[in-house]
Structures are given as C-alpha cells and as structure tokens.
Peer 1: 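Have a look at this one.
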Amino acid sequence: MYRRWVDAGYFRADPSSGKDPFCIVIPPPNVTGSLHLGHAMDHTLIDVLTRRARMQGHDALWLPGMDHAGIATQSVVERRMAAAGEPDRHAIGRAAFVEKVWEWKAESGGSILGQMERLGDGVDWSRERFTLDEGLSRAVATVFKKMFDDGLIYRAERLVNWSPALRSAISDIEVDHIETEGELVSMRYGDGDASVVVATTRIETMLGDTAVAVHPGDARYAALVGTEIEMPITGRMIPVVADDYVDPEFGSGAVKITPAHDPNDFEVGRRHDLPMPTIMDETGTITGTGTRFDGMDRFEARTAIREELRAQGRIVAEKRPYLHSVGHCSRTGVPVEPRLSLQWFVHVEPLARSAGEAVRSGETVLHPKEQAKRYFDWVDNMHDWTISRQLWWGHRIPVWYGPDGEVVCVGPDEEPPSGEGWRQDPDVLDTWFSSGLWPFSTLGWPDETPDLERYYPNSVLVTGYDILFFWVVRMMMFGTYVMGKAPFRDVYLHGLIRDEHGKKMSKSKGNVIDPLALIEDYGADALRFTIARGSNPGTDMSLSEEWVAGSRNFTTKLWNITRFALAKGADPALPLPAAELRTDADRWILGRLAEVRAQTDELLDGYQFAKATEGLYHFAWDELADWYVELCKTQLDDPATEPGTRAVLGHVLDALLRMLHPIAPFVTEALWTALTGGETVVTAAWPTAGGTGAPVDAAAAARVADAQKVITEVRRFRTEQGLPDRKAVAARLTGLDAAGLAAHERSLRFLNRLDPAGDDFAATASFEVATAGGPVTVELDTSGAIDVAAERARLGKDLAAAEKERDQADRKLGNPKFTEKAPAEVVDGIRARHATAVADIDRITARLAALPEA
RNA sequence: GGGCGCGUAGCUCAGCGGGAGAGCACUCGGUUUACACCCGAGCGGUCGCAGGUUCGAACCCUGCCGCGCCCACCA
C-alpha cells in the first residue's frame, strides 16, 4: 500500500514523546509529474531516517514538500483547460488564469492533494490538505503583515533582474551567470575636443544613456567634467560626470551611463541625480526612444544600432567574440535584462543575521560541516530579496491600493477595503517566500497548536546542497524571525545524482534516468539501496543501471539466505545456546553482529548513509552468507549443535533484516514476517546493544579466521591443480589440534570436499597453511601426478609476496631512526610481520625443493 | 575575479600518517544441503605532476596541471 515513491519533504521526530501512529505520506509521482532522481534521493534518505526513528520508538513523521504541489496545481489546470479546448494561459492573460486556478481549487476540495485523494490510493490526505492550502495561505498573509508592520517589507522602484521570457522580476538567486561570447564595441560620443570614447557589450542601451562617467582623478578628462557632449542618434546633450566607480585603467577610462538598464549605472545615476529613461518594455522590445529602433527586439536593435554608428564613423574598435559573463534567467535560459520597476522587497539584513547566528551558535548543525562556510558567505552578504513576481501562480500580495494613493496591508483575518477605486496588488509572491514558512506553517501556525508545541523546532531537514540558498536559508530566516528559534536541529545536505560517468543529468544530453523505470525493472528496494549506498555527505553520486542491478542482486541474496534459514528451521524465538555450548562460528557471527550493529548506529546517527549501507551489505553477503551459512551446515547435521545453530541463524538474520528495513523496506518486510511470524517489521524494535545477544569473542573470531584461511588455501590449490570443485578428494589434515581447529575439521572437509584418509591413502600432494594458531598440513590423494608447473607457479607467487614483505620489514627494522622514533606497537607489528614472512619463505622454499623436476 | 571540492584498478568510488580496498567490468573453473540476479579462484594501480615536512606520506604543507560546483555590478 505504501509501495509508492515519495515526494520532497522533511521529517521530524521527537525522541522524548510517546509512540503514536506512524505516518508515511507519499504523493504519487505521476500526479506531481515532476519526479526525478533528485527527489528519489530526498525521499530515500528521509524515509530511512523516519523508519529507523520509528523502530527506535520515536514519534516520527514527515510531510511532502509544497513547491511541487504548486507546480502540479498549475500543470493540472493547464491540462484541464487544454482538454476543454480552452485557449492557453498566455492567451487569456495572467489575471484570468489565476482566477481559473482558484476556481479549480474550490471545485477539487480546496487542494491539489484533494485531487490526489480522488485517485484512490487509500492515503488520508486530510492533514495535508489543510496545511497546503488554507493553512499556508493564512500563514503567508500573517507573516507578510507582520513583516510589513515591522518595516521588513518595503516597496521600491529599483533596478531588478527582469526575465523577458517570464515577463517577471526574478531574484538574484534565480540568475545564472554564464560565460557568453558577445562583442565589445568602442564608440565615440561627441565631436572634436568635446568627445570621449566609451566601450560597451550592450550597444542598444545607448539609447537610454544619460551621462558619461570618468574617474575624478583622471587628468585626461578633467576638462570635460561638468560639460555636456552630444549623443549620436538621439542628438541629446548628456553631462560628463566624475565618479569613483570608474576604473581609469580599464578601456578608455570613460563609461557610458544607462541608469535604467544597468545596476552600476543605476547607482551612478542616483549619485548624480540623472534622468532614468526606460527604453525597453517587459518583453525586451525597444520602446519610447523616439527613434526608428522602437519596436525592435533588444538583440535586433543591438546589430542595427551598431551598424548605424558604423555608418556614422563612430565605431573606433570592436572585439568579437568578447567572452564575458552574462546573467541568464535560470528558469527560461533567456539573458536577464536589468529593468527599473516597482517591486516589493524584504529587508533581509536582520533576518539573515539571526539565521547566521543560529548556525554559529550550534543551535542548528549543518552536515557535512564544510557546507557551513558556504552558508555563512551567503547569509553574511545577502542583498535585499525581491519577493514580488509577475507570474501566473502563487500567493497574492495582501496589499490593497486606494483611489487616493492609500496603501493598506491586509492581515489574514481582516476584511480588505472595499469600494470604488480599491484594488489588490496584482503581483504574487516568490514561491520561496511561502516555502520558507514550511517548518511551522505545516504545524498549524499562526495558531498555537499542540503540534506546533511538540514538533517545533524540527529534528532534521534532508535536502540537496543545491537548495541550501533557495530553501534552507529562507526557512532559517523565517523560523528565527517568526518563532524565535531555528527550525531544525540538524540539516543534512546530500549530493546530487549524476549519470554513470559523473555528468549532470540533463534532458538535452539524453542521460536522464527515470526512477520509475528503474523501480519497474529492479524494484523500489534496489533503487533505494543504491541511493543509500551512494550517498556520502556533500558529495555527488553517479548512478547507473548496473549499480541498481547490483542492489537488486543483493536483495535477492537476502531472499536466498532467508529461504535457507527457513528451510533449516532457523527461528529467532529460540533461546540462544548457553555460552559454553556455542561453537566458534556462533561466537564469531554473534560478535560480528554486535560490532556491525554498533557501527551502523554510529554511522546513521552521523548521516553516513553510504558507509552504513556498505557495512550491512558486506556483513550480510561476505560474512553471513559466504561464511556463517556455509559453516553452519555441518552444525545443522549434528544433533548437539543443531538447535543452537537454528537459534543463532534466526537471531542474526532477524537483527540484520531489522537493520536493513529502513533502506530496503519491502523485501525485509516480506522476509522478516516470514522468519519471525511477526505482524510487520515496520513497528519492530530497532536492534540495540542489549539485544544482540553476545559479546565479541576475539579468540573464537581468530579461530574462524584460521579455518577460513585453510579453506581458502585448499580451494586455491584445487583450482590451480584443475581439480573440479565437485570431485571429492581424500585428504589427511594434521596440526589441527595444535592450531585449536580440531572442532572445525568437519567444516573444513565438508566445504572442500575432502574425504577421510582411508587405509589406502597415498598422498600425492601436500602443503602447509600457516595459521595464527599454528601450521596445518594438508595432504591430498589426487589419484595421480599433480601439475608440477602449476604448483611451482602457485608457490612462486606466494614466495614473491613473502619476500617482498620480508624486504619491506627488513628495510624498516634496519633503520635505527625508525626503531627509535616509531611507537613501540608499530615496531613490534613490523617485527611480527617480518617473522611471519621469514617462516613463510622457509616453508615455501622447502616445498619447492621437494617438488619433482618439471 | 573570489570560494569550495575532486583527481586512487578499465568504470564509479571508499580509504585521509605506519601492511594499496570495494562494487561493476574482465579471465579461468564450476549442475556441491539457499542463491547462475549464483559459487570458487584470479588478472588489474610509480594513489594527477613536482617539491617539502616526517623514522615513515595515497593520506599533512607548498606550487603546478586537469575537472566540477557555487558565488561575483567591472563598461
């Protein structure tokens, strides 16, 4: 039922509270229409944290992100209009379209989520419906009013970033600076002595020039300052002003000033009280200049004006291509046009200061901490925020204008002024204005609700680092301002998902991977596991289908381990065998479980998803499946150890499945319920130190390692001798007792298909394995001559490795400075390695000498 | 222009002062008491380059080269 992918949001938990029902709210991606792997990353990590917190007995829930719901609303309305054969939104205009959106919202039960509910996925959306619509609108109006009254919101005519494509103002952060090939044209204004040369990359703006500026200390132009020169084309007389802004070293040392179309020029214009004519309309078309260029697109005009000036002989230099940085609208990719217009702004300085303070004081911790520098750089140098948008969708600005110039900000519970001539501001708010209220508006604010009391501040925010400035900073500012407390204890910033070669996914490159297709092919668990496994804090991950396939293989492995366990009657409800009855393998795997459990907790507490996942992967596959399951097969054949083995296997698998559940919920749910008979692993207890059953037994672990070494060496011998794995070979094993491995003989023989040595045993091959407990000699009757060349090669390789080891150790130990200065345990370690290497060399050399000539 | 980060096996990445690792890919061999989405055994690296610190450097410092991201009002 909850086998759905999830949309962006954040999660919160309060460890001190009692339990209450777990809530996984998952908007279906086919409705939001905006699901991509970036969301999958958010959702996976959020869900991992939520599920684990839940299993730990915490009250944990999370809510979907809102901006996607907004986008979805707009797109659903557009689709409805298209279906009804209505003209598109551009044809009917902004005001009419917004009316339609509200109309649709009322019809659909007030929210996008109401619409989702009708899709019948059985999720209760009631809470979200409230928070996303009525609640949020009220919160937005409340905050706006409060900030307006506090003087933190003001309206001003400023030069803003204008997107001619959106026909709207956009904020600084929505502008991408891109290196662009343009042209730098130098031209002469005025004539004779009363002339200067200026350079520009945007020659069309000369129609709006109202001055030429030079540096006050520049002797070349001292005589001109205060005089006027004649502009080409318009014939206007414009002053030459002196301003520190000009760099006398750059170009000619003189700058044309277009106050209404360039941020620097705007400031110069203000200082010198220059006129500020706007020469372009909201689409970037030249207008109102009284020249023949009116009606031309800005880029068309650029060429036309340049050629006109060239014809007049005023172009003195051209540099093309001229590489420079040009601001582009991040939504539409169109070059931004700075434009003088009346907009609403937030005075961010006091808000940004408290947002910065919250992190500096440790009230909120950023993970990874390297991101804090970026955060501070941003928060400490933030410009005022343009919040009004001339867009199609959003919360409307709650300000009404009266017939006599009155300006009234209307609070959420107030009636707007009515009567002749009153009208509401036509603009809407930047989506990040409302998004920034998320941590408390979802909890019922501005009402003082029990939820707000209980869940604010939230525990942790999980999101991509690319959204640090857009969303995180806004939430921090609003949270500290409105609530007096930062909204989160922790902020975990994950990296972005790239393609298999580390390239950013983009539609134009065609390397976008659809998460739903991956889920279809490999299962949701496989994708989640892949994402968790690749999520190192702050670093991007490359995701390819091969990785997802590998994760799918892992879930299959879990399936097979459990199938084996069930077939053998493994049962976590059985009591673990008394300590003295446990085999080495039992002690070892229980000890490893305890270690892995502790490590997993530590890593997840620190948001180290990749390492935690990797640790569980290797424990499950390399240790449990490859070794314990194999070693326990002989234990299961022995009545003395059989019940204990079933208990240990069940116990370890139970704990493992519980720890894997947050990462791979579906497969673990199926396997865990089958193994334990429990109702659901979702509400099972997270393994704790007290619950893993056994302390680490280093001696047992060492004996298991020795047994593994013997087994591996025999396998190696067999492989290189070309002895098929399935062929049973008679063997005599000596030295096991001395090495403490007597109890392991059955496993050794079983796993290597070594039959007992009968009366007619005649060893045709033998070798010695050096274990920590002592040497073990393996003699084999291979019923024929061994491949001497292969054996020589095998031993030769071992010998070379041992000699290299010995030589390295010799070199270190022969250096008196090393033995004097290095810590004693390091020196002892090298001595031990040296001794082992020498013993290996002796042994191997003897073996080689004993081999018959090839 | 400033800041941050990264260059380790064919690919994607871990390791961040004392024996070069993982997954995938590749080679060879496999119908063992779960698993071919598997099992076993292998091959594969002057850890970007050059200096420095240290008894010891993939790891710390400096410089350089290459790459990525973020920020930036120089015509």
Peer 1: Could you tell me if A:Q808 and A:R811 have a donor-acceptor pair between their side chains, going purely by distance under 3.5 Å?
Peer 2: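 Side chains of A:R811 and A:Q808: no pair found under 3.5 Å.
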Peer 1: Could you check whether A:R794 makes a cation-pi contact with A:F767, meaning its NZ or CZ is under 6.0 Å from the centre of the six-membered ring and within 45° of the ring axis?
Peer 2: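 Satisfied, under 6.0 Å and within 45°.
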Peer 1: Between A:E642 and A:T645, does any side-chain donor sit less than 3.5 Å from a side-chain acceptor?
Peer 2: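 Note: A:E642 and A:T645 side chains miss the donor-acceptor criterion.
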Peer 1: Please determine whether any donor N or O and acceptor N or O are separated by less than 3.5 Å between the side chain of A:R374 and the base of B:rC70.
Peer 2: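 Checked by distance alone, the answer is no.
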Peer 1: I want to verify a distance call: between B:rG42, B:rG18, B:rC38, whose nearest atom is closest to the A:W621 side chain?
Peer 2: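 In terms of side-chain proximity for A:W621, the closest of B:rG42, B:rG18, B:rC38 is B:rC38.
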Peer 1: Stem finding on RNA chain B, please: runs of three or more consecutive Watson-Crick or G-U wobble pairs, both distances under 3.5 Å, sorted by first number.
Peer 2: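 For RNA chain B the paired stretches long enough to count as stems (3 pairs minimum) are B:1-7 with B:65-71, B:10-13 with B:21-24, B:26-30 with B:38-42, B:48-52 with B:60-64.
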Peer 1: In this structure, how many angstroms lie between the C1' atom of B:rA20 and the NZ atom of A:K804, rounded?
Peer 2: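 It is 9 Å, rounded to the nearest whole Å.
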Peer 1: Do A:K557 and B:rC35 have a side chain to base donor-acceptor pair shorter than 3.5 Å?
Peer 2: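 Side chain to base: pair present.
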Peer 1: Answer yes or no: side-chain N or O of A:Q721 and base N or O of B:rA41 forming a donor-acceptor pair under 3.5 Å.
Peer 2: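 By the distance-only test, no, there is no pair.
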Peer 1: Would you call A:E602-A:K611 a salt bridge at under 4.0 Å N-O?
Peer 2: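 Here A:E602 does not pair with A:K611 in a salt bridge, since their nearest N and O are not under 4.0 Å apart.
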Peer 1: Does the base of B:rA72 carry an N or O that pairs as donor and acceptor with the side chain of A:S325 under 3.5 Å?
Peer 2: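 A donor-acceptor contact between them is present.
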Peer 1: Can you tell me how far C1' of B:rU33 sits from CD of A:E642, to the nearest Å?
Peer 2: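 My rounded result for the distance is 13 Å.
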Peer 1: Taking atom types as modelled, find out whether A:D622 and A:W627 have a side-chain donor-acceptor pair closer than 3.5 angstrom.
Peer 2: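 Per modelled atom types, A:D622 and A:W627 side chains form no pair under 3.5 Å.
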Peer 1: Does any N or O donor sit under 3.5 Å from an N or O acceptor when you compare the side chain of A:R715 with the base of B:rG40?
Peer 2: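 There is none.
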Peer 1: If you only use heavy atoms from C-beta on, which nucleotide in B:rG18, B:rC24, B:rA14 is closest to the side chain of A:F818?
Peer 2: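 Among B:rG18, B:rC24, B:rA14, the one nearest the side chain of A:F818 is B:rG18.
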Peer 1: Using atom P in both nucleotides, what's the gap between B:rG15 and B:rC60 to the nearest angstrom?
Peer 2: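 So the two P atoms sit 12 Å from each other.
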